[in-house]
Amino acid sequence: MSLDQTMPASPPAMTLQVRFHGWGTGLMLIVAWLLLIAATGIYRADFISHQTLLAVAFTMSIVGVLSIGQGLVAISGGFIDLSQPAGMITASLVAVRLSEAGMPLWVVIIGAILTGMAWGAFNACIIVFAKLNPVIVTLATNFIGLAALFLVFQLAEVPQRSEIYAFGRASFLGLPAIWWPMVALVLVVGFMLPRTRYGRRATAVGGNRMAARARGISLKATRFAIFTAAGGFVGFAAVLFAATSGPFNPGSGSAMQLNIIAGVILAGISLAGGRGNFWMLLLSVGFLSTIPTSLVFFGLSSDTQSIFQGLILIIAVAIDGMRARRGTP
């Protein structure tokens, strides 16, 4: 019997829909974002410029797509995927090699996405069949992946005459072209997750494994599918990264990890699984992507910026813990 046959479309006995995060948190994110912009603009008037908008949009694009994959893992009860940096750089290297071979952009995109999915499936095989903790597994595979990548290359960059290079520097309506696919993906995933069979299953597994199993949902199949799908988003983020980053090395993607995890939590996607609103990622990722640019205008060093990012992550985890204790989305 297939999984579709064992699971009714809308089971009445359990909550399979995403519990949307309250508008209060969204309003707080907007207020905090506006206050940050206002404070920086008062300190440095040149902060309010089109160049700042471009810098924030570029950061949002890559972090936003990675946050979608991270959010899928979290909402399904997988906690977090710490192997995203290695997965993204691996897929980015594939994108570089395909572009060097003269492949069109659509082939480069498909190749990178398939590479990311393969990375996600690799993690899923270890987690599902060996029944190991996802956090420990992905932490280990990230170290292994990065170490292997350092053996393969030191620097890589897409050719300047390739389609992916042009895509990374194109604009649409005054914003980077790479920003628009991120927005579209956030909106589509946020719409489909509570309205499709597989989206409801992922949320159910994260919310209550025993109830999900009782309704005929295969926990192994669901988790395997989620990690593979999350890897696909890592692969697409790799295309955006390779298109815009210039020369990169195996460690180039690691600095994004804190913002990705904090963005997922601030969006109301619980690390414990079962609840969250993907549309809120546009606010949380936008706010967090503005902070590094703002700190630069305040004249703070990169080390100080890392301190701020770490503090924000601690605050986000504390907020998630309070939500879990109160049982609120």
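Everything numeric in this text was worked out from a predicted model, so none of it was measured.
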Pairing donors with acceptors under 3.5 angstrom, does anything connect the side chains of Thr293 and Thr290? no

Identify each donor-acceptor pair in which a side-chain atom of residues 252-263 lies under 3.5 Å from a protein atom, sequence neighbours left out, and give them as a table.
residue : atom : partner : partner atom : Å
Ser252  : OG   : Asn249  : N            : 2.9
Ser252  : OG   : Asn249  : O            : 3.1
Ser252  : OG   : Asn249  : OD1          : 3.2
Gln257  : NE2  : Leu82   : O            : 3.3

Determine, step by step, whether Ser83 and Thr138 satisfy the side chain to side chain donor-acceptor pair (under 3.5 Å) criterion, reporting the C-alpha distance in whole Å, the side-chain angles of both residues, the deciding distance to 0.1 Å, and the verdict. CA-CA 5 Å; Ser83 71; Thr138 55; 5.3 Å; no

Under 4.5 Å between side-chain heavy atoms, counting indirect links through other Ile/Leu/Val/Met/Phe/Trp/Tyr residues: same cluster for Leu149 and Ile144 or not? no

Tell me whether Phe298 at atom CZ has more than 12 heavy atoms from other residues, nucleotides or ligands lying less than 6.0 Å away. yes

Sequence neighbours left out, cut at 3.5 Å: what donor-acceptor pairs do the side chains of residues 170-190 make with other protein atoms?
residue : atom : partner : partner atom : Å
Trp180  : NE1  : Phe172  : O            : 3.0

Students often mix this up, so state it plainly: with edges at 30° and 60°, are the rings of Phe248 and Phe241 parallel, tilted or perpendicular? perpendicular

Evaluate Phe167 against Thr244 for side chain to side chain contact (heavy atoms under 4.5 Å, CB included), listing each step before the verdict. CA-CA 9 Å; Phe167 170 60; Thr244 59; over 6 Å; no

Is it possible for you to say whether Trp106 and Phe233 belong to one hydrophobic cluster, with membership spreading through side-chain heavy-atom contacts below 4.5 Å? yes

For Thr90 and Trp119, does a side-chain donor sit closer than 3.5 Å to a side-chain acceptor? no

Looking only at the side chains, is there a donor atom on one of Asn123 and Thr141 sitting less than 3.5 Å from an acceptor on the other? yes

Co-membership, hydrophobic cluster, residues Phe227 and Leu132, 4.5 Å side-chain: yes

For Val128, the hydrophobic cluster (side chain heavy atoms closer than 4.5 Å, chained through members) also holds Phe129, Phe224

Is the terminal nitrogen or CZ of Arg161 (NZ for Lys, CZ for Arg) located under 6.0 angstrom from the six-membered ring centre of Tyr165 and within 45° of that ring's axis? no

Answer yes if the side chains of Ser162 and Ser99 hold a donor-acceptor pair under 3.5 Å, and no otherwise. no

Quick check, are the ring centers of Phe297 and Tyr43 under 6.0 angstrom apart? no

